[in-house]
A.B. asks: 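One structure follows; several queries about it will come next.
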Amino acid sequence: MSAQTEPAARHAAPKGGPGRAGRRGGEGGVLNVFSHGVLVIWGLLVTMPLLWAVVSSFKDDAEIFSSPWSLPSVFHPDNWVRAWEKANMSEYFLNSLIVVGGSLIGTMVLGSMAAYVLARFDFPGNRFLYFLFVGGMGFPVILALVPLFFVMKNMALLDTYHGLICVYIAYSLPFTVFFLSGFFKTLPTSVAEAALIDGASHTRTFFQVMLPMAKPGLISVGIFNFLGQWNQYLLPTVLNVGDPHKKMLTQGLVALAVSQGYKGDWSGLFAGLTIAMLPVLAAYIIFQRQVVAGLTAGALK
């Protein structure tokens, strides 16, 4: 570089100089390393108990205590067979599928319709109904257990699938309406207006135009409702008190742990726990991208 161009280069240099840019880059690198380290630690804290439960389900009881952190020396798939057949996990699993499947469909249909009306139409009492649903999210379920039990008893809905399905729907509706109403507000109104101009009714516009556009949000809230309903223990314990063949999977796991007494069939208990986890893990793995898209769609739009 010549003597004439060197002062010009120094004059065109950033005001902060290369030192400040280097310090900023160093601070950003340290922050990235720290944040990635925290995420790695958090991921290990979440995945290690799950992996440990899965590995323990293939060990015998003695090996679970003698070498809890090692892989099984001999795999014992009979633990799963014992939990599935002798501990009635198959029956409890089927009961949970029936109740959670029915309640999930009802929650998504009713919740999406209510959220769409509250989000896209102005009418007297709109905000009151919206905040009524939002207030339901903060109401403790435990305070309603006693009156709910007597209401279900008077209506002959105790120990029934449809009774528990109705309670699950009422339990999940507040969060569903709150989540989807915010999502429907982010969707463009021009598409719905074009459908109405072409002669489509409000019902057809909702089911054939708006619902497909809201697919990411529906999948996200559906996954959250599935997790909450599948892992629900308090409500079925209170409302399924007479018929042992109508118990849910969470009740079956507790019954399996209690029925052991001093025998300690820990391998069968870990196998039952893994069976209960599989649908939840499978649902999240399959719809992982849709869940992330649904959670970030509102922020991006």
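Owing to the predicted nature of the structure, the values given are computational and were not obtained by experimental measurement.
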A.B. asks: I'd like to know whether CZ of F128 has more than 12 heavy-atom contacts from other residues, nucleotides or ligands below 6.0 angstrom.
C.D. replies: no

A.B. asks: Looking only at non-hydrogen atoms, find the nearest pair between A53 and T274 and report the distance.
C.D. replies: O-OG1, 3.7 Å

A.B. asks: Check salt bridge (Lys or Arg N to Asp or Glu O under 4.0 Å) between D60 and all other residues, then give those that pass, not counting sequence neighbours.
C.D. replies: none

A.B. asks: Between S201 and R204, is there a donor-acceptor pair closer than 3.5 Å when you use the side chain of the first and the backbone of the second?
C.D. replies: yes

A.B. asks: Could you list the residues that satisfy salt bridge (Lys or Arg N to Asp or Glu O under 4.0 Å) with R120, not counting sequence neighbours?
C.D. replies: none

A.B. asks: Is there a side chain to side chain donor-acceptor pair (under 3.5 Å) between Q232 and T250? Walk through the geometry before answering.
C.D. replies: CA-CA 7 Å; Q232 182 61 240; T250 51; over 6 Å; no

A.B. asks: Spell out, yes or no, whether L187 and L196 are grouped together once hydrophobic residues are joined by side-chain heavy atoms under 4.5 Å, including indirect joins.
C.D. replies: no

A.B. asks: Which heavy atom in I223 sits nearest to a heavy atom in A283, and how many Å separate them?
C.D. replies: CD1-O, 3.9 Å

A.B. asks: Counting N and O atoms only, with roles assigned by atom type, does the side chain of E63 sit under 3.5 Å from a partner on the main chain of S73, one being a donor and the other an acceptor?
C.D. replies: yes

A.B. asks: With under 30° as parallel and over 60° as perpendicular, where do the rings of F175 and F179 fit, or are they tilted in between?
C.D. replies: tilted

A.B. asks: Identify the heavy atoms of A83 and G272 that sit nearest to each other, and give their distance.
C.D. replies: CB-N, 3.9 Å

A.B. asks: Are the side chain of D61 and the backbone N or O of S267 linked by a donor-acceptor pair below 3.5 Å?
C.D. replies: yes

A.B. asks: L239 and F149: which non-hydrogen atoms are nearest, and at how many Å?
C.D. replies: CD2-CA, 4.2 Å

A.B. asks: If hydrophobic clusters are built by linking Ile, Leu, Val, Met, Phe, Trp and Tyr wherever their side-chain heavy atoms come under 4.5 Å apart, do I285 and M277 end up in the same one?
C.D. replies: no

A.B. asks: Test your reading of the model: is there a side-chain donor-acceptor pair from D198 to the backbone of A200, 3.5 Å cut-off?
C.D. replies: no

A.B. asks: Considering all heavy atoms of both residues, which atom of Q251 and which atom of T237 are nearest to each other, and what is their separation?
C.D. replies: NE2-CA, 3.5 Å

A.B. asks: Examine F150 and V141 and state if one hydrophobic cluster contains both, with Ile, Leu, Val, Met, Phe, Trp and Tyr joined whenever side-chain heavy atoms are less than 4.5 Å apart.
C.D. replies: yes

A.B. asks: If I take atom CG from residue L218 and atom CZ from residue F184, how far apart are they, to the nearest 0.5 angstrom?
C.D. replies: 6.0 Å

A.B. asks: What about V54 and V280, same hydrophobic cluster or not, with Ile/Leu/Val/Met/Phe/Trp/Tyr joined at side-chain heavy-atom distances under 4.5 Å?
C.D. replies: yes

A.B. asks: Please answer: with hydrophobic residues joined when any side-chain heavy atoms are less than 4.5 Å apart, are F75 and W69 in the same cluster?
C.D. replies: yes

A.B. asks: Apply side-chain contact (heavy atoms from CB on, under 4.5 Å) to residues L253 and M89 and explain how you reach the verdict.
C.D. replies: CA-CA 8 Å; L253 288 175; M89 283 295 155; 3.6 Å; yes

A.B. asks: Got a sec: does the NZ of K153 have more than 12 other heavy atoms crowding it under 6.0 Å?
C.D. replies: no

A.B. asks: Without swapping roles, check the side chain of T160 against the backbone of L157 for a donor-acceptor pair under 3.5 Å.
C.D. replies: yes

A.B. asks: More than 12 foreign heavy atoms under 6.0 Å from CG of D243: is that the case here?
C.D. replies: yes

A.B. asks: Can you measure from OH (Y130) to CG (L118) and round to the nearest 0.5 angstrom?
C.D. replies: 9.0 Å

A.B. asks: Hey, does N95 have a side-chain heavy atom less than 4.5 Å from the side chain of Y161?
C.D. replies: yes

A.B. asks: I'd like to check H202 versus F206 (side-chain heavy atoms, cut-off strictly below 4.5 Å). Are they in contact?
C.D. replies: no

A.B. asks: What residue among W80, F270, W52 forms ring pair (Phe, Tyr, Trp, His ring centres under 6.0 Å) with F58?
C.D. replies: W80

A.B. asks: Do S90 and E85 have a side chain donor and acceptor closer than 3.5 Å?
C.D. replies: no

A.B. asks: If you count heavy atoms of other groups shown closer than 6.0 angstrom to CG of L39, is the number above 12?
C.D. replies: yes

A.B. asks: Is it the case that the side chain of K59 and the backbone of V74 share a donor-acceptor pair, with hydrogens and angles ignored and the cut-off at 3.5 Å?
C.D. replies: no

A.B. asks: So, for Y284 and W230, is the gap between ring centers shorter than 6.0 Å?
C.D. replies: no

A.B. asks: Passes side-chain contact (heavy atoms from CB on, under 4.5 Å), W84 versus I275? Steps please.
C.D. replies: CA-CA 8 Å; W84 184 258; I275 292 173; 4.0 Å; yes

A.B. asks: Using side-chain heavy atoms (C-beta onward) and a distance below 4.5 Å, is T176 in contact with F133?
C.D. replies: no

A.B. asks: Between NZ of K246 and CG of L158, what distance do you get to the nearest 0.5 Å?
C.D. replies: 11.0 Å

A.B. asks: State, without any angle test, whether N225 and Y168 hold a side-chain donor-acceptor pair at a distance under 3.5 Å.
C.D. replies: no

A.B. asks: Drop me the distance from H76's NE2 to S56's OG, to the nearest 0.5 angstrom.
C.D. replies: 12.0 Å

A.B. asks: Could you tell me whether a side-chain N or O of Q208 sits under 3.5 Å from a main-chain N or O of T205, the two making a donor and an acceptor?
C.D. replies: no

A.B. asks: Do F226 and P279 come close enough that some side-chain heavy atom pair is under 4.5 Å?
C.D. replies: yes

A.B. asks: Heavy atoms, side chains only, cut-off 4.5 Å: are F178 and M137 in contact?
C.D. replies: yes

A.B. asks: Locate the shortest heavy-atom distance separating A144 from F139; write the atom from each residue and the value.
C.D. replies: CB-CE2, 3.9 Å

A.B. asks: Would the distance check show the side chain of N79 and the main-chain N or O of S57 forming a donor-acceptor pair, the cut-off being under 3.5 Å?
C.D. replies: yes

A.B. asks: When rounded to the nearest 0.5 angstrom, what distance separates OG1 in T189 from CE in M210?
C.D. replies: 8.5 Å

A.B. asks: Roughly how far, to the nearest 0.5 Å, is CG of L164 from CG of L235?
C.D. replies: 7.0 Å

A.B. asks: Do S96 side-chain atoms and F93 backbone N/O form a donor-acceptor pair below 3.5 Å?
C.D. replies: no

